[in-house]
Number of protein chains: 2
Amino acid sequence: MSLEERRKSRVTLLDVARHANVSRATASLVLRKSPLVGSETRIRVENAMRDLGYVYNIGAARLRVERSQIIGAIVPNLTNPFFAELLSGIEGAIGATGKVVILANSGDEVERQEMLLRRMREHGVDGVILCPAACTEQALSDQIADWGMPVVQVLRHISRDLDYVGVDYAAGMRQAVDYLASLGHETIAFAVHGPIHSAYQERVDGFHDAMRSRALEPGMIIRFPAQLGDIAEATHLLFDQPKRPTAVICFNHIVALGLSAGLHDCGLTIGRDISLVGFDDVADAEAIRPKLTSVATGPVAIGEMAARLLVDRIADPDLPARHVVSDTILHIRQSCGRPDRKN
Amino acid sequence: MSLEERRKSRVTLLDVARHANVSRATASLVLRKSPLVGSETRIRVENAMRDLGYVYNIGAARLRVERSQIIGAIVPNLTNPFFAELLSGIEGAIGATGKVVILANSGDEVERQEMLLRRMREHGVDGVILCPAACTEQALSDQIADWGMPVVQVLRHISRDLDYVGVDYAAGMRQAVDYLASLGHETIAFAVHGPIHSAYQERVDGFHDAMRSRALEPGMIIRFPAQLGDIAEATHLLFDQPKRPTAVICFNHIVALGLSAGLHDCGLTIGRDISLVGFDDVADAEAIRPKLTSVATGPVAIGEMAARLLVDRIADPDLPARHVVSDTILHIRQSCGRPDRKN
DNA sequence: CTGAAAGCGCTTACAG
DNA sequence: CTGAAAGCGCTTACAG
């Protein structure tokens with residue numbers, strides 16, 4: 001009986017048309033706000049829709065028309081607040097166009113990513129915003145081209161043939177290094193962690209380049225554990241170096257949070273005994289003490305921009321590939337000082 | 001021409017059937033792994049699918065069958081890491097069943113929530129996991145029943161007629177109060193912020209009850225700004241009270257982060273001069289110093305549980321409504337000490 | 001095990 | 001402006 005009711009309650013466009021004394025074609029035109037329909041007719045149909053509780057069936061429409069109004073978003077990690085902000089930007093901008101976003105988490109695994117991509121194709125997504133899992137091969141780009149599926153890469157890239165929106169990581173590293181150098185630091189470490197991908201590589205290369213152009217010794221890359229909980233107790237890695245760094249740049253806000261805690265545990269005062277620069281500048285940067293000087297990358301805006309590019313590409317698949325790289329901003333707060341020459 | 005190609009490349013089940021020399025019905029059976037098909041036939045069909053690059057069209061199938069394999073998730077805020085973890089649990093558990101999740105952000109606005117719900121119905125979602133926007137009226141529950149749409153409420157509830165999975169906030173508050181009382185605190189504040197909803201109310205009520213049952217003076221509820229960035233500088237509110245609190249329980253990790261910073265700015269040492277208990281226990285709790293004693297609510301597990309309930313309800317819409325409320329765990333770390341009687 | 005046929009709810013020319 | 005008809009890609013009885 002509840003099944004009965006539910007079945008009964010499914011009202012179709014034909015029901016609406018009958019109730020309004022028009023043909024189904026006319027009702028369809030009203031639905032899509034065609035100017036072909038007279039206003040009295042339109043109103044009659046709209047009333048019928050309301051009275052009957054009609055709900056448009058996008059899936060059925062999709063069968064005839066080439067738009068599902070669904071786009072996919074694949075990120076490597078959902079619990080990282082940085083990706084949450086990215087997603088927030090994507091969802092906001094896509095939602096504003098009346099489309100809907102299917103969310104998926106690749107966990108940075110290429111097989112899982114492959115499965116998700118297939119699932120999304122089965123759902124007929126109009127396109128996807130992809131932050132490629134680490135170790136994704138460039139060949140994926142050819143596959144995507146074969147499929148004829150609009151894709152924009154975000155934050156990480158695997159091919160120049162696809163649209164891309166990301167961050168000018170090299171410039172960000174230069175800002176950090178220049179700032180520290182201006183305070184007198186010469187021995188600067190770059191504390192990294194996590195899987196290797198384009199954004200990782202660009203940061204590392206950017207660090208080396210920035211150090212070189214300041215005529216500083218490059219090369220002090222120190223790898224920390226992937227999990228926030230393990231970073232603090234690995235802080236000693238900083239001091240196991242041949243030359244002890246007076247300043248450290250963090251790969252992202254997770255490393256910054258971990259080291260900020262770990263240095264505190266070592267009895268060091270950040271900003272006096274050692275300088276710390278964060279990267280990504282999510283909300284925490286303001287909240288930890290001392291306030292963290294940080295390179296801001298604006299994840300929400302990046303998500304919005306990626307959404308915009310995807311919408312454009314769906315509208316015109318033959319557009320040449322675009323690559324937009326956004327500027328970083330160094331927010332100077334309280335976590336850096338002059339080097340302590342005693343060390 | 002690229003259009004041509006794309007159109008050409010759309011291979012249907014009929015193409016597969018022809019290529020494998022079977023009827024479309026048989027191909028469909030293979031697709032759905034029916035045991036009715038002989039294994040040689042099955043293999044022939046599977047090869048044809050592979051050779052032709054066939055992609056199942058779920059949307060077309062949905063038209064015949066009552067399952068879209070899409071579920072919706074509506075949360076009030078995407079940038080709050082707590083909701084990101086919740087979402088992660090939802091996506092993981094739903095994804096594991098082969099379904100896909102449409103994500104949407106209500107921004108805690110009921111009109112927006114209404115629009116999102118409609119959009120999801122248009123997409124024929126099989127059900128939705130809803131964290132109701134603040135001020136959602138109970139009438140929504142009746143609407144949902146009318147629609148015949150499976151819904152599970154998560155974290156916040158508006159009606160007992162709908163499934164719900166949330167947290168035993170009252171028990172969490174009791175744990176916090178009991179712990180502080182056992183250290184000797186008598187003047188305890190509850191620092192709240194954000195919109196009012198069931199989870200808010202339950203925490204406040206739980207606080208009062210817990211204080212009363214310890215024979216302590218209840219009632220010190222102090223409201224802080226909604227934005228993390230504004231909380232630290234509102235810390236003085238704690239001291240504008242008739243009786244200065246020796247301990248404060250935080251509404252969530254955002255308040256905890258903000259106050260932790262603000263108290264530091266006031267020159268107070270947390271755990272010695274004043275005690276702080278967090279709520280939610282997202283990753284940060286381990287990372288701020290002193291380590292934050294916190295009531296853990298396990299958002300990932302809650303998301304998973306909500307997904308499980310939704311799947312059950314979709315399978316059997318006539319199930320009686322279930323309400324699962326998960327236990328909290330008090331993680332004792334370093335942010336609490338005995339009250340300083342000098343104050 | 002397989003084929004022919006009807007139908008899910010829409011859109012789109014094509015006539016009127 | 002409106003109606004009749006075909007078709008999007010699948011599934012589901014129903015015969016064989």
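Protein chains get the first letters and strands the later ones, always in sequence-line order, with residue 1 at the start of each. Just so we're clear, the structure is a prediction, and the values are computed from it rather than from any experiment. Basis for what follows: all heavy atoms, side chains included, without hydrogens, waters or symmetry-related copies.
- In this structure, A:Glu137 places its CD atom where only 12 or fewer heavy-atom neighbours from other residues, nucleotides or ligands lie under 6.0 Å away.
- Atom CG in B:Leu63 sits roughly 17 Å away from atom P in D:dG7 (whole-Å rounding).
- Under 4.0 Å is where a charged nitrogen must lie from a carboxylate oxygen, and between B:Glu114 and B:Arg118 no such pair does.
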Enumerate the protein-to-nucleotides 10-14 of chain D contacts in which both atoms are nitrogen or oxygen and the separation is below 3.5 Å.
unit_1, atom_1, unit_2, atom_2, d
D:dC10, OP1, B:Tyr54, OH, 2.4
D:dC10, OP1, B:Asn57, N, 3.4
D:dC10, OP2, B:Leu13, N, 2.4
D:dC10, N4, B:Arg24, NH1, 3.1
D:dC10, N4, B:Arg24, NH2, 3.2
D:dT11, OP1, B:Tyr56, OH, 2.8
D:dT11, OP2, B:Ser28, OG, 2.5
D:dT11, O2, B:Arg64, NH1, 2.8
D:dT12, OP2, B:Arg32, NH1, 2.7

**Q.** Trace of the side chain to side chain contact (heavy atoms under 4.5 Å, CB included) decision for B:Met120 with B:Ile74
**A.** CA-CA 10 Å; B:Met120 287 185 177; B:Ile74 303 183; 3.8 Å; yes

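- Look at D:dC1: its Watson-Crick or wobble partner, with both distances under 3.5 angstrom, is C:dG16.
- Nucleotide D:dC8 holds its C1' atom 13 Å from the CG atom of B:Asp15, rounded to whole Å.
- In this structure the side chain of A:Leu140 reaches within 4.5 angstrom of the side chain of A:Leu117, judged on heavy atoms.
- Close to D:dC1, at under 4.0 Å from its OP1 or OP2, lies no side-chain N or O of A:Thr26.
- What you find for A:Pro132 and A:Val154 is that their closest heavy atoms are CD-O, 4.1 Å.
- Of the residues listed (A:Val75, A:Leu103, A:Val300, A:Ile129), the one engaging A:Ile90 in a side chain to side chain contact (heavy atoms under 4.5 Å, CB included) is A:Ile129, and it is the only one.
- To the nearest angstrom, P of D:dG9 lies 14 Å from CG of B:Leu52.
- The CZ-P distance, from A:Arg121 to D:dG9, rounds to 15 Å in whole Å.
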